[in-house]
Structures are given as C-alpha cells and as structure tokens.
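Reading through the structure tokens given below for one structure.
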Amino acid sequence: MRKLHSTGGFWLVLGALLLAASLRLLFWFLVASVVHELGHIAMVRALGGRVGCFCLTGTGAVIRPSRERLFSYWEECLVALSGPMASFLLAILAAAWGKHFGSGDAYLLTGLSLALGLFNLLPAGPLDGGRTVRAILSWFTGPNRGDHLSRVLSKVVAAGLAWAGLWMFSQGGNFTLLLFALWLLLR
C-alpha cells in the first residue's frame, strides 16, 4: 500500500476550487489544512503509532495509522482532537503575526484555520468531533452501541446542517453547507 495517495474526488474538488476561488485563498487554506493534519500525525507519533496511509479525498484527508498497535478510546480522542488543537494554535500565531505586522494574509489564515478547527469539532461522521464522540460513547457503552449512537447523532447533526444550508440558500447564500450536510446524511 502506498503511504500517500489521492482519489479522483480530490482532484475534482481541487479543480472546482481552482475555478471558483482565488489562488491566495486556496494557498492559505492549504497551509491551514496541512497544519491541521500534521497535528494528527504528531499525536499518532507521540502515542507510539505510525502512519500507515495518508489519503487525500474529495471531502478532506484521511490518516490511517498502521495497525502495529491499536489505540485506546482515550488515545483515539487525543488523536482526533489534536488536529483542531493544531488549527487553533495556528490561528493564534497567525493573529499575532497580523497584529504585529498588519498583514491581511495573516488574518485570512487566522480565519481559515479557526473555521477549519471549529468545523472539524462538529460531532458528525468522519469529522474529528464525530470520532471523539464515537470513542467516548464506545468507552461508556461498548463499541457496538457507541457506533450506533454516534451514527444517530451524526444524522441528527447532518439534518440540522441541511436545514441551515437550505435556509442560507433560500436567503441567497452559498449552497456549500447544504452539500456537506447531504454528504453526511448519505454516509
């Protein structure tokens, strides 16, 4: 198995983003995303694990630790939460950079990193918040019940996001949240 690979969905989304967004925005989003994923990788390594595979998909990056050692529920929470924590640390550092040097790019990076960290904390599906909730529920109720409860919670969150996305779209806003909610509902 290759350690780094990508799916067709990744290239499709990247192409669409290149057509729709500025290169400056995409560059700083890439920086925020790399730091976020490095947070996960650093925690996997700190816990004695190794990254077996890093896959870029149309909906984000997926890190699969090699299975030499399974993580406990507590360690799974640490791995899941380390990405958002890295995002928040980057947001703080970028805000300080902007405050001292007055750079618009610093504030753009601050906002993107903060949004990425917060969004990933949603308790849904494959997001970091969803992985954390699944680990906690599995710890208290057992793995089968924890998986079931986390799937139900994910669908409730996705339905709420779909409602918010429909409302935003009906008000002349962007439909991206609606697409993300539909993706979560179909998982």
| message | Test of understanding: clusters of I, L, V, M, F, W, Y form through side-chain heavy atoms closer than 4.5 Å, transitively. Do Met43 and Trp74 belong to the same one? | response | yes

Backbone N/O of Ala135 and side chain of Ser138: donor-acceptor pair under 3.5 Å: no

Same cluster (ILVMFWY, side-chain, under 4.5 Å), Leu161 and Met168: yes

Heavy-atom nearest pair, Leu112 first then Phe29, reads CD1-N, 3.6 Å

* To do: State plainly whether one hydrophobic cluster holds both Leu186 and Val156, where clusters connect Ile, Leu, Val, Met, Phe, Trp and Tyr through side-chain heavy atoms under 4.5 angstrom apart.
  => no

Could you please spell out the steps behind the side chain to side chain contact (heavy atoms under 4.5 Å, CB included) verdict for Phe88 and Leu118? CA-CA 8 Å; Phe88 298 146; Leu118 288 171; 3.9 Å; yes

Between Trp28 and Asp105 the two heavy atoms that sit nearest each other are NE1-CG, 3.3 Å

Next on the checklist: Any side-chain to backbone donor/acceptor pair from Glu37 onto Val34? Under 3.5 Å, distance only.
Outcome noted: no

### Message
Using a 3.5 Å distance criterion without hydrogens, assess whether the side chain of Ser154 forms a donor-acceptor pair with backbone atoms of Ser150.
### Response
no

Note to self: Could you see if Val157 belongs to whatever hydrophobic cluster contains Leu127? Use Ile, Leu, Val, Met, Phe, Trp, Tyr and a side-chain cutoff under 4.5 Å.
What the structure shows: yes

query: Is the closest side-chain heavy-atom distance between Leu47 and Phe71 below 4.5 Å?
result: yes

Interatomic distance, CZ@Arg50 vs CZ@Arg45, rounded to 0.5 Å, equals 7.0 Å

Between the CG atom in Leu166 and the CG atom in Leu178, the distance rounded to the nearest 0.5 Å is 5.0 Å

After noting the C-alpha distance and the side-chain angles of Leu30 and Leu26, does the key distance pass the side chain to side chain contact (heavy atoms under 4.5 Å, CB included) rule?
CA-CA 6 Å; Leu30 177 64; Leu26 289 176; over 6 Å; no

What one should report as the nearest heavy-atom pair of Leu114 and Ala91 is N-CB, 4.0 Å

Which of parallel (below 30°), tilted (30 to 60°) and perpendicular (above 60°) describes Phe169 and Phe175?
-> perpendicular

Handout entry: Expected output: side-chain His36 to main-chain Ser87 donor-acceptor under 3.5 Å
Key = no

Asp147 vs Leu137, test: side chain to side chain contact (heavy atoms under 4.5 Å, CB included). Steps then yes/no. CA-CA 8 Å; Asp147 284 346; Leu137 289 171; over 6 Å; no

d(Thr110 OG1, Leu93 CG) to nearest 0.5 Å is 9.0 Å

Heavy-atom nearest pair, Val79 first then His40, reads O-ND1, 2.7 Å

| said: Please check this pair: side chain of Ser82 against backbone of Gly39, looking for a donor-acceptor N/O pair closer than 3.5 Å. | reply: yes

Original post:
Between Met85 and Leu89, does a side chain to side chain contact (heavy atoms under 4.5 Å, CB included) hold up when you go through it step by step?
Top reply: CA-CA 6 Å; Met85 293 304 113; Leu89 178 59; over 6 Å; no

The reported gap from CG in Leu179 to CG in Leu184 (rounded to nearest 0.5 angstrom) is 11.5 Å

- Query: Is there a donor-acceptor contact under 3.5 Å from the side chain of Lys3 to the main chain of Gly52?
  - Reply: no

Just by modelled atom types, is the Ala95 backbone N or O under 3.5 Å from a matching donor or acceptor in the Tyr107 side chain?
no

Taken to the nearest 0.5 Å, the spacing of Ser22 OG from Phe27 CZ works out to 12.0 Å

Q: Report whether Leu78 and Ile41 are members of the same hydrophobic cluster (ILVMFWY, side-chain heavy atoms less than 4.5 Å apart, transitive linking).
A: yes

Main chain of Ala32, side chain of Ser113: is a donor-acceptor contact present, judged purely on distance under 3.5 Å? no

Check whether the ring centres of Phe180 and Phe119 lie less than 6.0 Å apart, and answer yes or no.
yes

Closest non-hydrogen atoms of Asp128 and Pro84, given as atom of the first, atom of the second and distance, are OD2-CD, 3.3 Å

All heavy atoms of Leu90 vs all of Val31, minimum pair found to be CD2-O, 4.3 Å

